[in-house]
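What follows is a set of notes on a single structure, which appears directly below.
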Amino acid sequence: MRWSVFLVAALLVTALDGSLMGLFSVGGTAPSLAPLLVVFVAMHAPRPTAMWAGMLVGLLADLSTPLVDGTLRPIHLIGPAALGYLFAVNLVLPLRSMVLRRNPLTLVVLVALASFGCGLVITAIWTARSLLGESIDPFGGRSAAGELALVSLRGALSGAAALPMGWLLMKSAPIWGFQSGGSRMMRW
Amino acid sequence: MARSAPQSSRWLIATVAVLLVLSLAPARWLGWTSDVAAILAMATAPAGHLGNALRARLRPPPDALSEDPRALEAALLNRNQYRSLWMAERLRSEELVQQLEDIRLAERFGAGTLFDPLLADIVGRRPDALRGPVRLNVGRAAGVRRGDVAVFRGAHLLGRIVEEPDLRGSLLLPITDGAHGRLHAAVLPDPEDADPAPRSIALLLAAQPDGTFVADVDHDARVRTGDPVVLNDPAWPETARGMIVGEIESIDRRDDQPLRRRVRVRPRYGLHELATVVLKIAPRGGGFEAADDPAPGDRR
(Lines give C-alpha, C1' and ligand atoms only; values in the text may rest on other atoms or scores of the structure.)
Protein backbone atom coordinates (compact mmCIF):
# COMPACT_ATOMS: atom_id res chain seq x y z
CA MET A 1 0.00 0.00 0.00
CA ARG A 2 1.24 3.49 -0.78
CA TRP A 3 1.42 5.26 2.55
CA SER A 4 1.49 8.67 0.90
CA VAL A 5 -1.92 8.03 -0.66
CA PHE A 6 -3.22 6.69 2.61
CA LEU A 7 -2.00 9.74 4.56
CA VAL A 8 -3.71 12.15 2.17
CA ALA A 9 -6.91 10.11 2.36
CA ALA A 10 -6.74 9.96 6.16
CA LEU A 11 -6.29 13.73 6.47
CA LEU A 12 -9.12 14.32 4.02
CA VAL A 13 -11.41 11.94 5.87
CA THR A 14 -10.54 13.58 9.20
CA ALA A 15 -11.32 17.02 7.80
CA LEU A 16 -14.59 15.93 6.19
CA ASP A 17 -15.71 14.08 9.32
CA GLY A 18 -15.37 17.32 11.27
CA SER A 19 -17.11 19.49 8.71
CA LEU A 20 -19.22 18.15 5.86
CA MET A 21 -20.53 15.00 7.51
CA GLY A 22 -22.44 17.03 10.06
CA LEU A 23 -24.78 17.82 7.17
CA PHE A 24 -26.15 14.28 7.44
CA SER A 25 -26.59 14.33 11.21
CA VAL A 26 -29.49 12.39 12.67
CA GLY A 27 -30.44 12.17 16.31
CA GLY A 28 -27.44 14.06 17.64
CA THR A 29 -24.76 12.17 15.75
CA ALA A 30 -23.35 12.15 12.25
CA PRO A 31 -21.92 9.47 9.97
CA SER A 32 -18.17 9.09 9.79
CA LEU A 33 -15.92 8.27 6.85
CA ALA A 34 -13.06 7.05 9.03
CA PRO A 35 -14.50 3.52 9.49
CA LEU A 36 -14.93 3.28 5.73
CA LEU A 37 -11.26 4.09 5.15
CA VAL A 38 -10.21 1.62 7.84
CA VAL A 39 -12.38 -1.16 6.40
CA PHE A 40 -11.23 -0.40 2.86
CA VAL A 41 -7.59 -0.78 3.87
CA ALA A 42 -8.30 -3.81 6.04
CA MET A 43 -9.99 -5.54 3.09
CA HIS A 44 -7.02 -5.17 0.80
CA ALA A 45 -3.78 -4.53 2.66
CA PRO A 46 -1.59 -7.03 4.49
CA ARG A 47 -2.52 -7.62 8.10
CA PRO A 48 0.21 -5.50 9.79
CA THR A 49 -0.32 -2.66 7.34
CA ALA A 50 -4.03 -2.67 8.04
CA MET A 51 -3.44 -2.54 11.79
CA TRP A 52 -0.98 0.36 11.57
CA ALA A 53 -3.34 2.18 9.23
CA GLY A 54 -6.25 1.67 11.61
CA MET A 55 -4.26 3.07 14.50
CA LEU A 56 -3.18 6.07 12.44
CA VAL A 57 -6.76 6.90 11.43
CA GLY A 58 -7.75 6.59 15.09
CA LEU A 59 -4.87 8.81 16.15
CA LEU A 60 -6.06 11.53 13.77
CA ALA A 61 -9.59 11.12 15.12
CA ASP A 62 -8.29 11.45 18.70
CA LEU A 63 -6.36 14.60 17.83
CA SER A 64 -9.38 16.18 16.15
CA THR A 65 -11.64 15.48 19.13
CA PRO A 66 -11.14 18.23 21.71
CA LEU A 67 -12.77 17.86 25.10
CA VAL A 68 -12.68 20.11 28.12
CA ASP A 69 -11.96 19.19 31.69
CA GLY A 70 -13.45 20.70 34.81
CA THR A 71 -11.28 23.81 34.50
CA LEU A 72 -12.34 24.38 30.87
CA ARG A 73 -8.87 23.33 29.73
CA PRO A 74 -9.01 21.61 26.33
CA ILE A 75 -7.76 18.04 26.29
CA HIS A 76 -6.98 15.85 23.30
CA LEU A 77 -6.87 12.33 24.65
CA ILE A 78 -4.68 10.11 22.48
CA GLY A 79 -5.62 6.47 22.51
CA PRO A 80 -9.35 5.71 22.60
CA ALA A 81 -10.05 6.01 18.88
CA ALA A 82 -6.62 4.65 17.93
CA LEU A 83 -7.27 1.52 19.96
CA GLY A 84 -10.88 1.52 18.79
CA TYR A 85 -9.93 1.39 15.13
CA LEU A 86 -7.26 -1.22 15.84
CA PHE A 87 -10.04 -3.30 17.36
CA ALA A 88 -12.23 -2.58 14.33
CA VAL A 89 -9.48 -3.77 11.98
CA ASN A 90 -9.20 -6.96 13.96
CA LEU A 91 -12.93 -7.44 13.59
CA VAL A 92 -12.70 -7.10 9.81
CA LEU A 93 -9.50 -9.10 9.17
CA PRO A 94 -10.94 -12.56 10.00
CA LEU A 95 -14.02 -11.80 7.91
CA ARG A 96 -12.36 -10.57 4.74
CA SER A 97 -11.71 -14.03 3.39
CA MET A 98 -15.31 -15.06 4.03
CA VAL A 99 -17.31 -12.19 2.59
CA LEU A 100 -18.46 -11.46 -0.94
CA ARG A 101 -16.30 -8.50 -1.81
CA ARG A 102 -18.16 -7.75 -5.00
CA ASN A 103 -21.34 -7.14 -3.09
CA PRO A 104 -21.71 -3.45 -2.13
CA LEU A 105 -23.64 -4.46 0.96
CA THR A 106 -20.52 -6.18 2.26
CA LEU A 107 -18.82 -2.83 2.73
CA VAL A 108 -21.95 -1.36 4.30
CA VAL A 109 -22.18 -4.14 6.88
CA LEU A 110 -18.46 -4.18 7.63
CA VAL A 111 -18.31 -0.42 8.04
CA ALA A 112 -21.27 -0.48 10.42
CA LEU A 113 -19.60 -3.29 12.34
CA ALA A 114 -16.24 -1.50 12.45
CA SER A 115 -17.84 1.77 13.53
CA PHE A 116 -19.75 0.05 16.30
CA GLY A 117 -16.68 -1.91 17.43
CA CYS A 118 -14.60 1.25 17.54
CA GLY A 119 -17.31 3.11 19.46
CA LEU A 120 -17.54 0.23 21.90
CA VAL A 121 -13.83 0.50 22.74
CA ILE A 122 -13.98 4.29 23.02
CA THR A 123 -16.97 4.08 25.37
CA ALA A 124 -15.23 1.41 27.45
CA ILE A 125 -12.07 3.51 27.81
CA TRP A 126 -13.97 6.64 28.79
CA THR A 127 -16.05 4.64 31.24
CA ALA A 128 -12.82 3.29 32.75
CA ARG A 129 -11.46 6.84 32.99
CA SER A 130 -14.59 7.96 34.80
CA LEU A 131 -13.77 5.38 37.48
CA LEU A 132 -10.47 7.21 38.00
CA GLY A 133 -12.33 10.35 39.02
CA GLU A 134 -11.83 12.34 35.82
CA SER A 135 -13.79 15.57 35.57
CA ILE A 136 -14.13 15.28 31.78
CA ASP A 137 -17.59 14.42 30.50
CA PRO A 138 -17.10 12.95 27.02
CA PHE A 139 -20.68 11.74 26.68
CA GLY A 140 -22.29 15.17 26.95
CA GLY A 141 -24.30 14.25 30.04
CA ARG A 142 -25.45 10.89 28.71
CA SER A 143 -24.88 7.60 30.47
CA ALA A 144 -22.56 5.01 28.96
CA ALA A 145 -25.64 3.06 27.85
CA GLY A 146 -27.03 6.16 26.15
CA GLU A 147 -23.68 6.65 24.46
CA LEU A 148 -23.77 3.08 23.18
CA ALA A 149 -27.16 3.76 21.63
CA LEU A 150 -25.62 6.77 19.92
CA VAL A 151 -22.67 4.61 18.82
CA SER A 152 -25.11 2.13 17.25
CA LEU A 153 -26.87 4.92 15.38
CA ARG A 154 -23.53 6.30 14.22
CA GLY A 155 -22.56 2.83 13.00
CA ALA A 156 -25.76 2.56 10.96
CA LEU A 157 -25.27 6.05 9.50
CA SER A 158 -21.63 5.34 8.68
CA GLY A 159 -22.67 2.11 6.99
CA ALA A 160 -25.19 4.00 4.88
CA ALA A 161 -22.58 6.59 3.96
CA ALA A 162 -20.25 3.76 2.89
CA LEU A 163 -22.43 2.91 -0.07
CA PRO A 164 -21.72 6.02 -2.19
CA MET A 165 -18.35 6.88 -0.67
CA GLY A 166 -17.17 3.28 -0.90
CA TRP A 167 -17.90 3.34 -4.60
CA LEU A 168 -15.70 6.41 -4.95
CA LEU A 169 -12.98 4.77 -2.89
CA MET A 170 -13.09 1.65 -5.04
CA LYS A 171 -12.69 3.76 -8.15
CA SER A 172 -9.45 5.09 -6.65
CA ALA A 173 -8.17 1.58 -5.91
CA PRO A 174 -5.46 1.54 -8.62
CA ILE A 175 -3.55 4.42 -7.05
CA TRP A 176 -3.40 2.73 -3.64
CA GLY A 177 -0.89 0.18 -4.84
CA PHE A 178 -2.27 -2.78 -2.96
CA GLN A 179 0.05 -5.70 -3.60
CA SER A 180 -2.81 -8.17 -3.78
CA GLY A 181 -3.69 -6.81 -7.21
CA GLY A 182 -6.94 -6.75 -9.08
CA SER A 183 -8.06 -10.21 -8.19
CA ARG A 184 -8.77 -9.18 -4.60
CA MET A 185 -10.46 -5.91 -5.49
CA MET A 186 -14.17 -5.42 -5.22
CA ARG A 187 -15.78 -4.51 -8.52
CA TRP A 188 -19.11 -2.74 -8.31
CA MET B 1 6.19 1.98 -5.46
CA ALA B 2 4.38 0.16 -2.74
CA ARG B 3 6.00 0.53 0.68
CA SER B 4 5.65 -2.01 3.39
CA ALA B 5 4.44 -1.15 6.86
CA PRO B 6 6.64 -1.77 9.86
CA GLN B 7 6.56 -5.53 10.12
CA SER B 8 7.71 -6.04 13.64
CA SER B 9 4.92 -7.24 15.86
CA ARG B 10 6.98 -6.03 18.80
CA TRP B 11 6.58 -2.48 17.58
CA LEU B 12 2.87 -3.01 17.28
CA ILE B 13 2.59 -4.39 20.79
CA ALA B 14 4.71 -1.57 22.17
CA THR B 15 2.55 1.02 20.40
CA VAL B 16 -0.62 -0.53 21.75
CA ALA B 17 0.88 -0.47 25.24
CA VAL B 18 1.77 3.22 24.89
CA LEU B 19 -1.72 4.01 23.61
CA LEU B 20 -3.26 2.16 26.54
CA VAL B 21 -1.15 4.14 28.99
CA LEU B 22 -2.02 7.43 27.27
CA SER B 23 -5.71 6.49 27.23
CA LEU B 24 -5.78 6.15 30.97
CA ALA B 25 -3.24 8.86 31.84
CA PRO B 26 -4.48 11.74 33.99
CA ALA B 27 -5.64 14.75 32.00
CA ARG B 28 -3.01 17.01 33.62
CA TRP B 29 -0.26 15.00 31.88
CA LEU B 30 -1.75 15.57 28.44
CA GLY B 31 -1.33 19.29 27.87
CA TRP B 32 1.18 18.62 25.09
CA THR B 33 -1.42 16.80 23.00
CA SER B 34 -3.19 20.09 22.28
CA ASP B 35 -0.02 21.33 20.55
CA VAL B 36 0.05 18.20 18.39
CA ALA B 37 -3.63 18.68 17.64
CA ALA B 38 -2.97 22.28 16.59
CA ILE B 39 -0.40 21.06 14.06
CA LEU B 40 -2.89 18.54 12.71
CA ALA B 41 -5.54 21.26 12.53
CA MET B 42 -3.29 23.25 10.20
CA ALA B 43 -3.14 20.28 7.85
CA THR B 44 -6.87 19.63 7.88
CA ALA B 45 -8.07 23.25 7.98
CA PRO B 46 -8.26 23.86 4.19
CA ALA B 47 -10.32 20.75 3.52
CA GLY B 48 -12.37 21.40 6.64
CA HIS B 49 -13.06 24.92 5.50
CA LEU B 50 -14.26 23.67 2.12
CA GLY B 51 -16.42 21.06 3.82
CA ASN B 52 -17.97 23.67 6.09
CA ALA B 53 -18.63 26.02 3.19
CA LEU B 54 -20.28 23.24 1.22
CA ARG B 55 -22.30 22.24 4.23
CA ALA B 56 -23.46 25.81 4.84
CA ARG B 57 -24.46 26.07 1.18
CA LEU B 58 -26.39 22.83 1.22
CA ARG B 59 -28.06 23.45 4.56
CA PRO B 60 -28.16 27.17 5.41
CA PRO B 61 -28.77 28.35 8.98
CA PRO B 62 -32.38 27.86 10.07
CA ASP B 63 -33.80 31.26 9.18
CA ALA B 64 -32.01 32.03 5.93
CA LEU B 65 -33.70 35.05 4.42
CA SER B 66 -35.40 34.51 1.14
CA GLU B 67 -36.57 38.00 0.16
CA ASP B 68 -33.99 40.69 -0.50
CA PRO B 69 -31.52 38.94 1.77
CA ARG B 70 -28.98 41.74 2.09
CA ALA B 71 -31.38 44.44 3.22
CA LEU B 72 -33.27 42.14 5.52
CA GLU B 73 -30.12 40.74 6.99
CA ALA B 74 -28.74 44.21 7.67
CA ALA B 75 -32.02 45.23 9.29
CA LEU B 76 -32.02 42.11 11.42
CA LEU B 77 -28.46 42.74 12.52
CA ASN B 78 -29.30 46.31 13.46
CA ARG B 79 -32.40 45.26 15.32
CA ASN B 80 -30.58 42.56 17.24
CA GLN B 81 -27.71 44.84 18.14
CA TYR B 82 -29.95 47.60 19.42
CA ARG B 83 -32.21 45.15 21.20
CA SER B 84 -29.26 43.62 22.98
CA LEU B 85 -27.99 47.09 23.93
CA TRP B 86 -31.43 47.98 25.20
CA MET B 87 -31.67 44.84 27.26
CA ALA B 88 -28.19 45.36 28.63
CA GLU B 89 -29.08 48.90 29.62
CA ARG B 90 -32.24 47.74 31.36
CA LEU B 91 -30.25 45.26 33.37
CA ARG B 92 -27.74 47.93 34.33
CA SER B 93 -30.48 50.33 35.31
CA GLU B 94 -32.06 47.78 37.63
CA GLU B 95 -28.79 47.26 39.36
CA LEU B 96 -28.33 50.99 39.85
CA VAL B 97 -31.78 51.31 41.37
CA GLN B 98 -31.07 48.50 43.78
CA GLN B 99 -27.73 50.09 44.71
CA LEU B 100 -26.05 46.77 44.67
CA GLU B 101 -23.24 47.61 42.34
CA ASP B 102 -19.75 47.80 43.60
CA ILE B 103 -17.17 50.33 42.51
CA ARG B 104 -15.63 48.08 39.93
CA LEU B 105 -18.93 47.58 38.17
CA ALA B 106 -19.52 51.33 38.26
CA GLU B 107 -16.17 51.83 36.58
CA ARG B 108 -17.24 49.44 33.92
CA PHE B 109 -20.31 51.49 33.27
CA GLY B 110 -18.05 54.41 32.59
CA ALA B 111 -15.86 52.46 30.26
CA GLY B 112 -18.73 50.92 28.37
CA THR B 113 -18.37 47.67 26.51
CA LEU B 114 -16.44 48.62 23.44
CA PHE B 115 -15.40 45.73 21.27
CA ASP B 116 -14.26 44.94 17.78
CA PRO B 117 -16.23 42.33 15.83
CA LEU B 118 -14.07 39.67 14.23
CA LEU B 119 -15.44 37.21 11.70
CA ALA B 120 -14.17 33.68 12.30
CA ASP B 121 -14.65 30.48 10.33
CA ILE B 122 -15.26 27.18 12.05
CA VAL B 123 -12.61 24.85 10.71
CA GLY B 124 -12.89 21.86 13.01
CA ARG B 125 -15.48 19.99 14.97
CA ARG B 126 -15.56 16.76 16.87
CA PRO B 127 -15.98 14.09 14.22
CA ASP B 128 -17.98 11.75 16.39
CA ALA B 129 -20.70 13.96 17.83
CA LEU B 130 -22.32 17.38 17.61
CA ARG B 131 -21.00 18.64 20.92
CA GLY B 132 -17.84 19.89 22.56
CA PRO B 133 -15.59 22.75 21.46
CA VAL B 134 -15.02 23.76 17.84
CA ARG B 135 -11.84 25.12 16.32
CA LEU B 136 -11.79 28.59 14.79
CA ASN B 137 -9.35 29.90 12.20
CA VAL B 138 -8.40 33.02 14.16
CA GLY B 139 -6.08 33.25 17.10
CA ARG B 140 -3.68 35.54 18.93
CA ALA B 141 -2.49 37.14 15.70
CA ALA B 142 -6.00 38.52 15.15
CA GLY B 143 -6.35 39.70 18.73
CA VAL B 144 -8.38 36.80 20.10
CA ARG B 145 -7.98 36.16 23.80
CA ARG B 146 -9.16 33.57 26.24
CA GLY B 147 -12.70 34.37 27.38
CA ASP B 148 -13.77 36.28 24.26
CA VAL B 149 -17.37 35.53 23.37
CA ALA B 150 -18.84 34.52 20.03
CA VAL B 151 -22.20 35.66 18.71
CA PHE B 152 -24.35 35.11 15.66
CA ARG B 153 -26.79 37.49 14.02
CA GLY B 154 -25.54 40.24 16.31
CA ALA B 155 -27.08 39.22 19.60
CA HIS B 156 -27.29 35.44 19.86
CA LEU B 157 -24.60 34.19 22.21
CA LEU B 158 -22.88 31.05 20.94
CA GLY B 159 -20.00 30.37 23.27
CA ARG B 160 -16.69 31.43 24.65
CA ILE B 161 -13.01 30.94 23.82
CA VAL B 162 -11.39 28.48 26.17
CA GLU B 163 -7.66 28.29 26.77
CA GLU B 164 -5.16 30.82 25.47
CA PRO B 165 -5.51 30.78 21.67
CA ASP B 166 -2.77 29.63 19.30
CA LEU B 167 -1.24 32.13 16.92
CA ARG B 168 -3.77 31.36 14.20
CA GLY B 169 -6.38 29.19 15.88
CA SER B 170 -8.58 28.99 18.94
CA LEU B 171 -11.12 26.71 20.58
CA LEU B 172 -14.68 27.89 21.11
CA LEU B 173 -16.80 26.06 23.68
CA PRO B 174 -20.57 26.24 23.00
CA ILE B 175 -22.68 27.92 25.61
CA THR B 176 -24.72 24.72 25.83
CA ASP B 177 -21.73 22.76 27.12
CA GLY B 178 -22.16 21.72 30.72
CA ALA B 179 -18.53 22.59 31.42
CA HIS B 180 -19.51 26.25 31.69
CA GLY B 181 -21.46 25.43 34.83
CA ARG B 182 -24.77 27.08 35.59
CA LEU B 183 -25.44 30.38 33.82
CA HIS B 184 -27.11 33.40 35.35
CA ALA B 185 -29.67 34.73 32.92
CA ALA B 186 -32.80 36.83 32.90
CA VAL B 187 -36.12 37.24 31.17
CA LEU B 188 -37.13 40.84 30.58
CA PRO B 189 -40.93 41.07 30.23
CA ASP B 190 -42.25 43.74 27.91
CA PRO B 191 -43.80 46.80 29.60
CA GLU B 192 -47.60 46.74 29.87
CA ASP B 193 -50.17 49.32 30.93
CA ALA B 194 -50.63 47.62 34.28
CA ASP B 195 -46.91 47.27 34.78
CA PRO B 196 -44.98 49.88 32.80
CA ALA B 197 -41.63 48.98 34.36
CA PRO B 198 -41.58 45.24 34.91
CA ARG B 199 -38.72 43.73 36.83
CA SER B 200 -36.45 41.21 35.21
CA ILE B 201 -36.90 37.58 36.18
CA ALA B 202 -33.67 35.86 37.11
CA LEU B 203 -32.99 32.35 35.83
CA LEU B 204 -30.21 29.96 36.76
CA LEU B 205 -29.76 27.92 33.61
CA ALA B 206 -28.50 24.35 33.73
CA ALA B 207 -27.30 22.83 30.45
CA GLN B 208 -28.96 19.60 29.32
CA PRO B 209 -27.56 16.85 27.09
CA ASP B 210 -30.07 17.69 24.34
CA GLY B 211 -28.64 21.19 23.85
CA THR B 212 -31.26 23.03 25.89
CA PHE B 213 -31.23 24.65 29.33
CA VAL B 214 -33.65 24.25 32.20
CA ALA B 215 -34.34 26.60 35.10
CA ASP B 216 -36.96 26.96 37.81
CA VAL B 217 -39.11 30.07 38.31
CA ASP B 218 -41.86 31.02 40.70
CA HIS B 219 -45.26 29.89 39.56
CA ASP B 220 -46.49 33.49 39.22
CA ALA B 221 -43.44 34.75 37.29
CA ARG B 222 -44.40 36.56 34.07
CA VAL B 223 -42.70 34.24 31.63
CA ARG B 224 -44.22 33.06 28.38
CA THR B 225 -43.25 30.62 25.69
CA GLY B 226 -41.13 32.43 23.12
CA ASP B 227 -39.71 35.01 25.54
CA PRO B 228 -36.03 35.69 24.88
CA VAL B 229 -33.63 34.81 27.68
CA VAL B 230 -30.54 37.00 28.00
CA LEU B 231 -27.28 36.41 29.82
CA ASN B 232 -26.70 38.32 33.03
CA ASP B 233 -23.76 36.47 34.44
CA PRO B 234 -20.96 38.33 36.22
CA ALA B 235 -18.59 35.46 35.50
CA TRP B 236 -18.82 36.20 31.76
CA PRO B 237 -17.25 39.18 29.99
CA GLU B 238 -19.23 42.41 29.91
CA THR B 239 -19.58 42.01 26.14
CA ALA B 240 -21.76 38.94 26.74
CA ARG B 241 -24.21 40.73 29.02
CA GLY B 242 -27.66 41.12 27.48
CA MET B 243 -26.84 38.69 24.68
CA ILE B 244 -29.61 36.22 23.88
CA VAL B 245 -29.03 32.73 25.22
CA GLY B 246 -32.22 31.33 23.70
CA GLU B 247 -35.99 31.41 23.80
CA ILE B 248 -38.35 29.79 26.24
CA GLU B 249 -39.54 26.63 24.57
CA SER B 250 -41.82 25.25 27.26
CA ILE B 251 -43.04 25.94 30.77
CA ASP B 252 -44.07 22.96 32.85
CA ARG B 253 -45.41 22.48 36.33
CA ARG B 254 -43.21 20.83 38.89
CA ASP B 255 -45.23 18.19 40.67
CA ASP B 256 -42.69 17.96 43.49
CA GLN B 257 -42.68 21.75 44.02
CA PRO B 258 -46.15 23.20 43.31
CA LEU B 259 -44.93 26.77 43.78
CA ARG B 260 -42.28 26.45 41.12
CA ARG B 261 -42.38 25.94 37.39
CA ARG B 262 -39.70 24.48 35.14
CA VAL B 263 -38.71 26.51 32.13
CA ARG B 264 -36.91 24.98 29.17
CA VAL B 265 -34.80 27.34 27.07
CA ARG B 266 -33.60 26.42 23.58
CA PRO B 267 -30.86 28.43 21.82
CA ARG B 268 -32.00 29.84 18.48
CA TYR B 269 -28.79 28.81 16.74
CA GLY B 270 -26.64 25.76 17.38
CA LEU B 271 -22.91 26.34 17.10
CA HIS B 272 -22.53 23.04 15.29
CA GLU B 273 -24.92 24.19 12.54
CA LEU B 274 -22.90 27.27 11.62
CA ALA B 275 -19.91 27.86 9.38
CA THR B 276 -18.94 31.31 10.64
CA VAL B 277 -19.30 33.24 13.89
CA VAL B 278 -18.48 36.75 15.08
CA LEU B 279 -16.06 37.11 17.97
CA LYS B 280 -16.22 40.16 20.25
CA ILE B 281 -12.58 40.97 20.86
CA ALA B 282 -10.91 43.82 22.68
CA PRO B 283 -10.57 46.95 20.53
CA ARG B 284 -7.19 47.07 18.78
CA GLY B 285 -6.61 50.65 19.85
CA GLY B 286 -7.54 50.34 23.50
CA GLY B 287 -9.30 47.53 25.21
CA PHE B 288 -12.10 46.63 27.45
CA GLU B 289 -11.02 45.27 30.74
CA ALA B 290 -10.84 41.63 29.69
CA ALA B 291 -8.01 41.13 32.10
CA ASP B 292 -10.39 41.96 34.90
CA ASP B 293 -13.00 39.56 33.65
CA PRO B 294 -13.01 36.24 35.42
CA ALA B 295 -11.30 33.59 33.32
CA PRO B 296 -13.44 30.70 32.11
CA GLY B 297 -13.88 28.20 34.85
CA ASP B 298 -12.77 30.50 37.67
CA ARG B 299 -16.28 30.39 39.11
CA ARG B 300 -16.11 26.66 39.49
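Order of the sequence lines fixes the chain letters, A, B, ..., with proteins taken first and strands second; residue numbering starts at 1 for each chain.
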- Please list, in residue-number order, every residue in residues 168-177 of chain B that has a heavy atom less than 4.5 Å from any heavy atom of chain A; write 'none' if there are none. B/Leu171, B/Leu173, B/Asp177
Please rank [options] by heavy-atom pairs under 4.5 Å with chain A and give me the top one.
{"options": "B/Leu30, B/Val18, B/Val134, B/Leu24", "result": "B/Leu24"}
{"options": "B/Asn52, B/Val123, B/Val36", "result": "B/Asn52"}
{"options": "B/Ser23, B/Ala37, B/Gly124, B/Pro209", "result": "B/Ser23"}
{"options": "B/Ile39, B/Leu20, B/Thr15", "result": "B/Thr15"}
{"options": "B/Pro133, B/Ala275, B/Ala207", "result": "B/Pro133"}

- Message: Between A/Arg129 (side chain only) and B/Ala25 (backbone N and O only), is there a donor and an acceptor less than 3.5 Å apart?
- Response: yes
- Side chain, backbone, both or neither of B/Ala41 within contact of chain A (heavy atoms, under 4.5 Å):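 Contact with chain A involves no heavy atom of B/Ala41 at all.
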- Query: Run the side chain to side chain contact (heavy atoms under 4.5 Å, CB included) check on A/Phe24 and B/Leu58 step by step: do they pass?
  - Reply: CA-CA 11 Å; A/Phe24 310 104; B/Leu58 293 174; 5.8 Å; no
- Are side-chain heavy atoms of B/Leu40 and A/Leu11 found at a separation under 4.5 Å?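 Counting from C-beta outward, B/Leu40 and A/Leu11 do come under 4.5 Å.
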- Message: Quick one, B/Leu22 and A/Leu77 - any side-chain contact, counting heavy atoms below 4.5 Å?
- Response: no
- Please flag which part of A/Leu33 lies under 4.5 Å from any non-hydrogen atom of chain B: side chain, backbone, both or neither.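 Contact with chain B is absent: no heavy atom of A/Leu33 under 4.5 Å.
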- Query: Given that the side chain runs from C-beta out, which part of A/Leu86 has a heavy atom under 4.5 Å from chain B: side chain, backbone, both or neither?
  - Reply: side chain
- Query: Which one, A/Ile125, A/Ile75, A/Leu83, leads in non-hydrogen pairs under 4.5 Å with chain B?
  - Reply: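 The answer is A/Leu83.
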- State the CZ-OG distance between A/Arg47 and B/Ser9, to the nearest 0.5 angstrom. 12.0 Å
- A/Ser32: side-chain hydrogen bond (donor to acceptor under 3.5 Å, both in side chains) partners, not counting sequence neighbours: A/Asp17
For a quick test of reading the model, state the closest non-hydrogen atom pair linking [X] to [Y] and the distance between them.
{"X": "A/His76", "Y": "B/Thr33", "result": "O-OG1, 2.7 Å"}
{"X": "A/Ala82", "Y": "B/Leu19", "result": "CB-CD1, 3.8 Å"}
{"X": "B/Ala47", "Y": "A/Ser19", "result": "O-OG, 4.4 Å"}

